[in-house]
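See below for the structure under consideration.
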Amino acid sequence: MTKTKAIMIGAGLANMAAAVYLIQEAHWPGQNITFYSLDDHGSNDGAATNDTTDEYWNREHPMENTKGYVARGGRMLNYRTYVDLMDLLQRVQSVTEPGMTAAEDTHDFDSKHRTFDKARLLQGGKGIINGGHLGLNNQDRILLSKLVLMPDRDEEQLDNVSIAEYFKDDPHMFQTNFWYMWETTFAFRTQSSAQELRRYMHQMIYEFTQIEHLVGVNRTRYNQYESIMLPLIKYLQDQNVRIVLDRRVTDFDFAESTMQDEITVTGIHMTDVNSGEEQHVEVDDDTAVIFTNGSITDSATQGDFNTPAAENMDYGAAAGLWKKVAERFYNVGNPDKFFADRNASEWVSFTLTTKNHLLLNEISRITTQVPGNALNSFLSTSPISPLGQVDVNMSIVVHHQPHFTTQKPNETVLWGYFLYPRRHGEFVDKPYIEMNGKEMAEELIGQLSKVDPGPGNIRDKHDEIMESIINNIPVYMPYASALFNNRAKSDRPLVIPAHSTNLAFTGEFVEQPYQMIFTEQSAVRSGEIAAYHFAGIPMSHLVKNPRYDKDPQVLLRATKKMFS
């Protein structure tokens, strides 16, 4: 059913994309589109922090007014698969590079800063591990091949099958270099969905042959907010789109219908989070409601140098609204599969800012590479995984500097995360989730020292490095990996559910043919589908997606790589 107006619930990438396509492909005037959202970036954030209430900060940096930077996560791109994202970014102008579109900006930067990670894996006592040796045995190869060769029509055989269950007779898989690199590149866990692993193996099969160097990874010039979100925001503002922030949508009104499963939104309830005022918006027959029904950064909390990030037990703003819809209609998925098991989904990340490049130079020395090419994983030397095996302790990403446009020339910003935040630190005697920023920095130096033997160890510069830290901000994200949680295909709603007259779902918790989630690609694709549906544009006009899993040459190279 075509519409002439749209209300967007959530202002993340998916809904921003939907708005751009409605304006450019459906030729809607911008003033016909209204966003209601808590923020203007969703999970694509990144900003300076200026909170000066911390006693440590005031004491150590009395003349400064910026407490460093924070980004809850980071985005790796891949031009070969993220075709919808690149189409979207080609439609808007860069906000940092005059005369370039956002896509041209990213291509230009990436062509000058190619990714080639020489230290993808680091292990205590061994240093740089040769990730080119995947370490697979014949059983590993057989099971991986079954995933790659499984036809799309048979994918439901993996409903509610975890990765651990799929490899239950092959525990060796989780001790291979392949698994360590896959786990830390894409943030899979052993309890994640085998169905989702299959989709990644299909869509990223060519990356399988170069995973030890990540040469297929592309990056934006700056953080994802300034390089991806700001160009979209600026474009939409110039088109007179209305973006109303600090609003938490709490419920929908639905029309009564003789068809029990017909979905028609007639009203929207929301709260102004600043004033606490309750508000209501009527939805008329000409208006589509496009709803991002889950967020990996919902309920995230932030600590500081002396304070751990507290646990927020909120179910999540977007997921809570989705749950209300699911309680009324049977064909819109099951949010509990994703948001009721924090043990499978929580992370802790940190963003570390220094006032000089000492730490950066030490990491460059240890990894033998320049900043911007490094995505390093640190392996523990003791069996601490749920399966009683050696596993990854922490990961860091060292961006090309500067990572923020306001960053000073002498400052370094790097990002890291603990995929299993309740594991215990090796150098700080507490679980990662209980560490403050200072303790996470101590743990980082300790982990680096394990792979830096001999004279001139990074530990010798411990005091200088700690003194150089402007801030290290921990962030607890209870749902960071929720989109990978073990589930059935029907647990995610379609972008346009059956019998929906005006409600669409977008983002990382919707079901799309072939798409793998946790990518800018799938988010944009969902918004594109919603826009085309309500504009009456045939789905055949969607950006054409490549199928590398159907390419015999790609499959041949992947097969050869399995035996390396």
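Just so it is clear, the model here is predicted, and its values are computed rather than measured. Residue indices begin at 1 and follow the sequence shown.
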Salt bridge (charged side-chain N to carboxylate O under 4.0 Å, His left out) involving D314 - partner list, sequence neighbours excluded
R248

Kindly determine whether K337 and N160 satisfy side chain to side chain donor-acceptor pair (under 3.5 Å), including the steps that lead there.
CA-CA 10 Å; K337 280 290 190 75; N160 298 310; 2.7 Å; yes

If we ignore hydrogens and angles and just use 3.5 Å, is the side chain of T176 paired with the main-chain N or O of M173 as donor and acceptor?
yes

Who passes side-chain hydrogen bond (donor to acceptor under 3.5 Å, both in side chains) against N502, sequence neighbours left out?
none

Is there a donor-acceptor contact under 3.5 Å from the side chain of E528 to the main chain of A17?
no

Just checking, any donor-acceptor pair under 3.5 angstrom between side chains of Y476 and E346?
yes

Would the distance check show the side chain of R141 and the main-chain N or O of M562 forming a donor-acceptor pair, the cut-off being under 3.5 Å?
yes

What do the steps show when you test I268 against I7 for side-chain contact (heavy atoms from CB on, under 4.5 Å), and what is the final call?
CA-CA 10 Å; I268 297 171; I7 292 175; 3.7 Å; yes

Is the terminal nitrogen or CZ of R80 (NZ for Lys, CZ for Arg) located under 6.0 angstrom from the six-membered ring centre of Y548 and within 45° of that ring's axis?
yes

Looking at residues at least two apart in the chain, or sitting in another chain, which of them share a salt bridge (charged side-chain N to carboxylate O under 4.0 Å, His left out) with R342?
none

Taking A488's backbone N and O only, do any of them form a donor-acceptor pair with D159's side chain (distance below 3.5 Å, no angle check)?
no

Passes side-chain contact (heavy atoms from CB on, under 4.5 Å), Q512 versus R492? Steps please.
CA-CA 9 Å; Q512 303 179 69; R492 297 193 300 216; over 6 Å; no

Applying ring-ring contact (aromatic ring centres under 6.0 Å, His included), run through Y200 and F188 and close with a yes or a no.
CA-CA 10 Å; Y200 266 73; F188 278 95; 5.0 Å; yes

If you compare all heavy atoms of A18 against all heavy atoms of A531, which two are closest, and at what distance to 0.1 Å?
O-CB, 3.5 Å

Ignoring hydrogens and angles, tell me if any N or O in the side chain of Q195 forms a donor-acceptor pair with the backbone of V161 under 3.5 Å.
no

Kindly write out the residues that satisfy side-chain hydrogen bond (donor to acceptor under 3.5 Å, both in side chains) with R189, not counting sequence neighbours, or none if the list is empty.
none

Do E311 and R422 sit within salt-bridge range, that is, some charged N less than 4.0 Å from a carboxylate O?
yes

Looking at every heavy atom in both P493 and V332, which two are closest together, and how far apart are they?
CB-O, 3.4 Å

Residues which pass side-chain hydrogen bond (donor to acceptor under 3.5 Å, both in side chains) with E508, listed by chain and number, not counting sequence neighbours
S522

When the aromatic ring centroids of F339 and F509 are compared, is their separation below 6.0 Å?
yes

Do T297 side-chain atoms and A300 backbone N/O form a donor-acceptor pair below 3.5 Å?
no

List in chain and number order the residues that pass salt bridge (charged side-chain N to carboxylate O under 4.0 Å, His left out) with D152, two or more places apart in sequence or in another chain; answer none if no residue qualifies.
R198, R547

